[in-house]
Amino acid sequence: MKRTNSFCRFFVHNRRLLLFLLLPLLGWFCGMLLCKNGVLSDQWIALVKLQPVTGGVPGVFSAWYSSCFQATCLLLLLFFCGVSAFGVPLVLLVPLVWGIGFGVAETYYAENGGLLVLAAVLLPPTIMELVALLMACSEALRMSLLTTVQLLPRSARCGGLWQDFRLYSVRFLVLWVLVLGAGALDVGLRLLFKGLL
């Protein structure tokens with residue numbers, strides 16, 4: 001009985017986190033089904049394939065830029081959703097779409113004998129990127145709800161969001177640094193395991 005109460009308390013206190021963990025898992029499952037059933041064309045598959053890093057220092061910076069581009073765009077989208085009163089649906093959509101992309105990549109490498117590539121090259125930066133995006137989703141949802149409260153008639157808390165917005169901006173800057181770190185890790189692993197790609 002105590003264990004059941006402990007589980008219930010855990011789910012109640014962490015419901016937002018569990019929701020944000022469920023969405024990428026759902027997206028991953030959908031991406032896996034899309035890839036397995038051959039719904040996606042070769043052009044879509046080419047988007048998720050890892051390319052070896054070539055071209056010296058300019059090639060490294062180019063690979064780093066392309067590795068960070070998608071996550072940076074999603075982070076920007078989440079930032080603007082947070083300052084919108086109607087951003088909640090998009091905030092919930094971002095981890096789902098991200099999960100679809102990861103599901104396609106994971107299924108492609110699993111089906112084509114690339115389990116070592118999946119474990120050594122794809123997973124570490126992906127986990128780091130997912131952590132940053134889930135934290136950004138949580139922040140964007142919180143800020144969007146605060147913004148929505150401002151619009152409600154007879155709101156008990158009207159005005160005074162400047163301090164919240166400053167903290168929100170600083171948190172997103174920290175999360176962007178985490179995304180840049182995930183991109184650097186991705187490039188480093190692709191250089192290290194160049195023979196596998």
Side-chain angles (χ1 to χ4, degrees), residues 17-79 90-140 172-197:
L17 173 67
L18 293 171
L19 170 69
F20 282 130
L21 283 174
L22 183 67
L23 290 171
L25 281 174
L26 184 63
W28 169 78
F29 184 70
C30 292
M32 190 180 67
L33 287 178
L34 287 171
C35 197
K36 275 189 177 295
N37 294 331
V39 174
L40 300 174
S41 64
D42 290 340
Q43 287 86 0
W44 285 104
I45 300 290
L47 289 174
V48 297
K49 282 174 72 174
L50 294 172
Q51 303 297 329
V53 180
T54 55
V57 174
V60 167
F61 278 105
S62 175
W64 184 44
Y65 170 79
S66 67
S67 181
C68 298
F69 182 75
Q70 177 204 10
T72 300
C73 288
L74 290 175
L75 217 55
L76 270 172
L77 176 66
L78 286 169
F79 180 83
L90 273 176
V91 168
L92 297 176
L93 195 62
V94 165
L96 189 67
V97 170
W98 183 92
I100 290 172
F102 175 65
V104 170
E106 184 264 341
T107 307
Y108 171 79
Y109 281 107
E111 285 183 345
N112 292 289
L115 288 177
L116 194 55
V117 174
L118 180 64
V121 183
L122 189 64
L123 276 182
T126 300
I127 290 170
M128 199 169 164
E129 188 180 293
L130 177 62
V131 167
L133 286 175
L134 290 182
M135 289 169 74
C137 285
S138 182
E139 278 301 304
F172 264 84
L173 275 175
V174 171
L175 293 173
W176 186 52
V177 170
L178 193 60
V179 163
L180 294 178
L185 179 62
D186 176 44
V187 172
L189 289 172
R190 281 196 274 163
L191 284 168
L192 190 62
F193 296 100
K194 189 163 45 175
L196 295 175
L197 302 175

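The first residue of the sequence shown is numbered 1, and numbering continues consecutively from there. Because only heavy atoms are used, hydrogens play no part in the values below, and waters and symmetry mates are left out as well, while side chains stay in.
Across Cys68 and Gly183, no two heavy atoms sit closer than the pair SG-CA, 3.6 Å. For the residue pair Ala110 and Leu115, the shortest heavy atom distance occurs at CA-CD2, 4.0 Å. Of all heavy-atom pairs spanning Ala132 and Leu75, the tightest one is O-CD1, 4.5 Å. Leu78 and Ala140 make their closest contact through O-CB, 3.3 Å (heavy atoms, listed as atom of the first residue, atom of the second, distance). Listed here is the closest heavy atom pair of Ala120 and Leu189: O-CD1, 3.4 Å.
With rounding to the nearest 0.5 Å, the separation of CG in Leu185 from CZ in Arg190 is 11.0 Å. Taking NZ of Lys194 as the start and CG of Leu192 as the end, the distance is 10.5 Å to the nearest 0.5 Å. Interatomic distance, CG of Leu118 versus CD of Glu106, reported as 5.5 Å (0.5 Å rounding). Between the CZ atom of Phe79 and the OG1 atom of Thr72 there is a distance of 14.0 Å, given to the nearest 0.5 Å. Leu133 contributes atom CG, which lies 12.5 Å from atom CG of Leu23 (distance to the nearest 0.5 angstrom). Atom-to-atom distance recorded for Leu76:CG and Trp176:CH2 is 9.0 Å, nearest 0.5 angstrom.
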- Stepwise, does the side chain to side chain contact (heavy atoms under 4.5 Å, CB included) test hold for Val53 with Trp64? CA-CA 9 Å; Val53 180; Trp64 184 44; over 6 Å; no
- Should Trp28 and Thr107 be marked as a side chain to side chain contact (heavy atoms under 4.5 Å, CB included) after you check the CA-CA gap, both sets of side-chain angles, and the distance that decides it? CA-CA 9 Å; Trp28 169 78; Thr107 307; 5.5 Å; no
- Task: Show the numbers, then the answer: is there a side chain to side chain contact (heavy atoms under 4.5 Å, CB included) between Phe20 and Val91?
- Result: CA-CA 10 Å; Phe20 282 130; Val91 168; 4.1 Å; yes
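By the 30° and 60° cut-offs, the orientation of the rings of Tyr65 relative to Phe69 is tilted.
In this structure a side-chain-to-backbone donor-acceptor pair under 3.5 Å is missing from Ser67 to Ala63. Checked by atom type and distance alone, the side chain of Trp98 never pairs as donor or acceptor with a backbone atom of Ala71 at under 3.5 Å. Between the Thr126 side chain and the Leu122 main chain, a donor and an acceptor come within less than 3.5 Å of each other.
Within the 4.5 Å cutoff, no side-chain heavy atoms of Phe61 are placed close to those of Val187. The side-chain heavy atoms of Tyr109 and Leu50, taken from C-beta on, include a pair separated by under 4.5 Å.
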